[in-house]
Amino acid sequence: MSFSMARRFGYTDLVIEHFRNPRNIGEMEDADVTAKVGSVACGDLIKLYVKIDDDTKKIEDISFESYGCAANIATSSMMTELVKGKTIEEARRVTYKTIAEALGGLPKVKVHCSVLSRQSLDAAFMKWEVKKGLREVDERFVRKILRGVLDPIEGVDIISAKMVEGIRVADGKIEIRLSVEEGTELAKDIEEDIKDAFEGTPLDLEVRHHKGTPTA
Amino acid sequence: MDNAETTRVDPEVVEVMRLYMLEKYGVPIGEFGSTMEEESSEVLEGAREVIARNINANPEEIVFTSGGTESNALAIKGVAHSKRHEGTKVVASKIEHLSVLDTLRGLGQGGFDTLLLDVDGEGFVDLEGVRRSVDGARLVSVQHANQEIGTLQDLKAIGEVCEEKDVLFHCDAVQSFTKEPIDVEKVGIHLLSVSSHLIHGPKGVGALFVRKGVHPEPLLLGDDREFGLRAGTPNIPGIAGFAKAVDLVNAETVERMRGLRDQAIDLLLEIEDSKLNGPRGERRLCNNVNVTFRYVEGEAVLMHADLEGLVINTGSACYSERLEVSHVIRAIGGTHEEAHGSIRLSPSKWTTGGEIVSASEILGRVVDRLRKVSPLARARRVST
């Protein structure tokens, strides 16, 4: 057996080990909250399942599903290991750097994978807090959730990519205006990813795109 | 099984190269050289004849280079920069090798007018598109076989359009050289790039066919070697090895590779939710297999396969240094997901039927394993 290709890629033995034998993997039927971050178009997608104790706010159980590369699987696996049993507050102190370091480091082009796995945790906690009435649904919340939605072309989140032109939150209704032209493949992909990102929250969501310039 | 990336050098080729490294290590200098110089001159001109014969060209039309990338650059940049006053339009297909596409991008930044031709769902260049768009162009560059999905273009038809419109025709034949016959005379090609390392020859050697009367501007200057088109000490051992590799090719191995290709395609398509990229049969390169497995990402597939001893390739962005998804799969209308899940296998003359079977078993296992943990696969199961 050779680890040649993985090593050439700059993956540590620990990354390879977590890739081959991911911890906490698979669907969780009775999760209290789920969070989907990333995008199929980017080849980088994580769905996180978390069970949180209402009183202690401890992470009782956590699991993930992955569509992505070896680093995506390994960082998610390590992240779930690091936060399992911790309280939300403690878990929030686990940064993407902590995850990468725990794996013995990541190749430069794969650091975004640990950022994404950390992002899934953030999204899950915020959604849980909204569900429990501990967090108000405001623009800040919407922005944070949108940080987990990626622009498939550039591979960065749609806030950084400046694709979000406006957000309006009123009476449990969220309206998101995007700078993407209506009817395009990109618009469809992103709208679907946004809906996935808010999945499980009792919110009414509307995504608006730019009207295309009429063709002559 | 990644012989479209590179191949193992044939031991017989190594033997020939040894001779020109350890014993006959001279280089051709002038008309009255020493014995060693003469020996090197002989092998160089002999190799020129071997390459020329294979594509029905004259030996004086063969220029040795450092490989396919340089051949493509010499052809495209060379023609574009010569007689620039006669026109600045350069055309290529969207699925060319990056050495062609990046060269075009560079020309575009340098003020040239570049245009990329669409291809259909199997990767074939739209002939009507060629006809419509090549007016006033200096050069059209269309490959013979595609590096990812094995599509073999109808070069004769493209050549006819180029002749009709009086445009130079460059063809990147790096993938197909010696695997599919090519006759530069019949097809009306003006420049043709070939390479050694995909046919069990050494790396770092290639050639460019330059039709008599076509005068690209050289990239490298300093002497008049290679008919004034490529200065520098010729890589004699490499060129000798290249010629030997061409000599070793025979029709039988090509036919055998076709059989392996079709066997692999059939076996891989038995895996659920898979799809062939590129055409089938005669219009596909003899050693190219490219299949997309839905709901999985290629880098993870490669990594698992590698750990089981199977070396393959993917069009996934996660595997590319630029983190860009395969431009070929996108150009044939594939979604990002289809590009991420695309896997290429390319057998060689040494691949066996047994190896094809075990490769498809490994892939079946790996794909299944990754689908079990993919949120997309679950979405599919729920939806059906």
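Each chain gets a letter, A, B and so on, in the order its sequence line appears, and its residues count up from 1. Since this is a predicted model, take the numbers as computed values, not measurements.
When the side chain to side chain donor-acceptor pair (under 3.5 Å) test is applied to B:D368, the partners found at least two apart in sequence or on another chain are B:K372.
The shortest distance between side-chain heavy atoms of A:V40 and B:T335 does not fall below 4.5 Å. Contact annotation: the side chain of B:P375 approaches that of A:L45 to within less than 4.5 Å [non-hydrogen atoms, C-beta and beyond].
Scanning both residues, B:E299 and A:Y11, for their nearest heavy atoms gives OE2-OH, 2.8 Å. Between A:G68 and B:A300, the shortest heavy-atom contact is O-CB, 3.4 Å. The minimum heavy-atom distance between A:Y67 and B:Y295, with the atom names listed, is CD1-O, 3.3 Å.
With a 6.0 Å radius and a threshold of 12 heavy atoms from other residues, nucleotides or ligands, B:K203 has its NZ atom above the threshold. Dense packing is recorded around NZ of A:K86, with more than 12 heavy atoms of other residues, nucleotides or ligands lying under 6.0 Å away. Around atom OH of A:Y96, no more than 12 heavy atoms belonging to other residues, nucleotides or ligands sit under 6.0 Å away.
For the atom pair CE (B:M303) and SG (A:C69), the distance works out to 7.5 Å, reported to the nearest 0.5 Å.
Residues in residues 328-340 of chain B take part in these salt bridge (charged side-chain N to carboxylate O under 4.0 Å, His left out) pairs, two or more places apart or across chains: A:E185-B:R330, B:K275-B:E338, B:R294-B:E337.
For residues 97-112 of chain A, the interface with chain B (any heavy-atom pair closer than 4.5 Å) comprises A:V109, A:K110, A:H112, sorted by residue number. Inspection of non-hydrogen atoms places no residue of residues 186-199 of chain A under 4.5 Å from chain B.
Among the candidates B:R369, B:H340, B:E324, the residue making the largest number of heavy-atom pairs closer than 4.5 Å to chain A is B:H340. The candidate from A:S39, A:A70, A:C113 with the greatest count of non-hydrogen atom pairs under 4.5 Å with chain B is A:A70.
For B:V296, the part lying under 4.5 angstrom from a heavy atom of chain A is the backbone only. Interface residue A:I73: only side-chain heavy atoms are found under 4.5 Å from chain B.
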